[in-house]
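Below is one structure; the comments refer to it alone.
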2 protein chains.
Amino acid sequence: MNKNEKALYKAKAAVFKALGHPTRLYMAEQLAGGERCVCEFVRVIDADFSTISKHLNILKQAGIVEDEKRGLNVYYKLKVPCILNSMSCVEAVISAQLQSQIDLIK
Amino acid sequence: MNKNEKALYKAKAAVFKALGHPTRLYMAEQLAGGERCVCEFVRVIDADFSTISKHLNILKQAGIVEDEKRGLNVYYKLKVPCILNSMSCVEAVISAQLQSQIDLIK
DNA sequence: GGGGTGTTTGGTAAAATAGCCAAATACTTT
DNA sequence: AAAGTATTTGGCTATTTTACCAAACACCCC
């Protein structure tokens with residue numbers, strides 16, 4: 001594996017990594033329904049607003065969302081909406097995993 | 001957000017998190033081409049075999065792969081192959097991100 | 001300009017992750 | 001049963017991530 005390939009795997013992994021936190025995944029899913037301002041997340045998520053802001057920044061750095069300031073609020077939206085297409089398969093993974101565990105008990 | 005919802009986001013995020021490491025993503029992609037034994041990864045990946053084994057275990061815990069011992073070797077394969085369908089979109093994220101950076105320079 | 005609201009940034013402590021080495025385990029071959 | 005190969009496990013350290021608090025910043029309204 002050469003240097004460029006390595007860099008590509010690192011970049012791709014970074015996208016998954018960004019979605020690999022419950023709060024960030026939740027926010028990404030919310031954004032699939034259209035843009036949201038930070039204030040809306042602050043109302044719904046039980047965490048300090050600085051924490052929420054930092055999570056949004058991680059999604060932004062990963063290239064998943066983009067932000068726009070309008071007046072007092074900052075609005076975030078998905079930059080590449082297809083990223084959530086994988087969700088049904090992720091749910092399939094979880095189902096399969098639960099099934100494995102059930103089989104183990106039997 | 002209730003307790004069950006939280007648990008679900010955590011489980012889904014765990015799948016992304018597992019893929020959020022270059023080595024693990026590489027291994028998952030290799031497995032898309034069919035099962036591989038640990039020894040094959042050991043030959044190709046520049047890391048201690050204990051490290052490789054631990055990465056495979058993380059993929060297993062996440063429900064992405066399953067393993068089977070045959071003779072002296074342990075073979076891993078994708079449990080839910082659709083998980084790599086998202087890759088084209090991940091590449092789109094990276095492209096879009098590079099484009100943003102190019103636009104910034106201009 | 002001063003006060004108020006929304007958001008980001010900086011600092012810090014706790015927890016999680018990654019990678020290496022050494023040792024243990026599992027199976028095969030002799 | 002002894003020796004050899006493949007893999008996992010345990011232990012340790014360095015690094016990264018997470019979350020909170022406090023402070024700074026940005027914008028709006030009076």
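Here is the naming used below: chain letters follow the sequence lines, and residue numbers restart at 1 for every chain.
Looking at heavy-atom distances under 4.0 Å, A:R24 makes contact with sugar-phosphate atoms alone, never a base. Across all strands, A:Y75 comes closer than 4.0 Å to no nucleic acid atom at all (heavy-atom distances). Nucleic acid contact for A:N73: sugar-phosphate only, since backbone atoms but no base atoms lie under 4.0 Å from a heavy atom of the residue. Counting non-hydrogen atoms under 4.0 angstrom, A:K60 reaches nothing in the nucleic acid. Counting non-hydrogen atoms under 4.0 angstrom, A:F41 reaches nothing in the nucleic acid. Across all strands shown, B:I58 has heavy atoms under 4.0 Å from sugar-phosphate atoms exclusively, and none from any base.
At least one side-chain heavy atom of B:L78 sits less than 4.5 Å from a side-chain heavy atom of B:L84. For the pair B:N73/B:V38, no side-chain contact is recorded, criterion being any heavy-atom separation below 4.5 Å from C-beta on.
Atom-to-atom, CD of B:E40 to C1' of D:dT5 comes out at 16 Å; the value is rounded to the nearest Å. Per the geometry, CZ belonging to B:R43 stands 12 Å off C1' belonging to D:dT5, to the nearest Å. At whole-Å resolution of the value, CD1 in A:I52 and C1' in D:dC20 are 12 Å apart. Atom CD1 of A:I45 and atom P of D:dC20 are 12 Å apart (whole Å). Rounded to an integer number of Å, the gap from B:N57 CG to D:dT8 P is 8 Å. As a whole-Å value, the separation of B:E68 CD from D:dA6 P is 18 Å. Separating the CG atom of B:L72 from the P atom of D:dA6 is a distance of 6 Å, rounded to the nearest angstrom. Rounded to whole angstrom, the span from the NZ atom of A:K54 across to the P atom of C:dA13 amounts to 14 Å.
Of the candidates D:dC20, C:dT5, D:dT8, D:dT8 carries the atom nearest the B:V38 side chain, counting heavy atoms from C-beta on. Closest contact between the side chain of B:D48 and the listed nucleotides C:dC21, C:dT28, C:dT9 involves C:dC21. In the set D:dC27, D:dA19, D:dT8, D:dA19 carries the atom at the smallest distance from any side-chain atom of A:T51.
Each of B:D67 and A:S50 lies near DNA chain D, and the nucleotide nearest B:D67 is the one positioned closer to the 5' end. For the pair B:V74 and A:G71, nearest-nucleotide mapping onto DNA chain D gives the more 5' position to B:V74.
Figure legend: cation-pi geometry between B:R36 and B:F41 absent, as NZ or CZ is not positioned both under 6.0 Å from the six-membered ring centre and within 45° of its axis. Remark: B:K6 is not positioned above the aromatic ring of B:Y9, lacking an NZ or CZ atom under 6.0 angstrom from the ring centre and at most 45 degrees off the axis.
Between A:Y76 and C:dT8 there is a side-chain N or O to OP1 or OP2 distance below 4.0 Å. Contact annotation: A:K17 does not reach the phosphate of D:dT16 (side-chain N/O to OP1 or OP2, under 4.0 Å). Between B:H21 and C:dG19 there is a side-chain polar atom (N or O) within less than 4.0 angstrom of OP1 or OP2. In this model, the phosphate group of D:dT8 is approached by a side-chain N or O of B:S53 to a distance below 4.0 Å at OP1 or OP2. Look at A:H55 and you'll find a side-chain N or O under 4.0 angstrom from OP1 or OP2 of D:dA19.
In A:D46, the CG atom is not crowded: 12 or fewer heavy atoms of neighbouring residues, nucleotides or ligands sit closer than 6.0 Å.
Nearest heavy atoms, A:A28 versus A:L19: CB-CD2, 3.9 Å.
Remark: the A:K69 side chain and the C:dG6 base include no donor-acceptor N/O pair separated by less than 3.5 Å.
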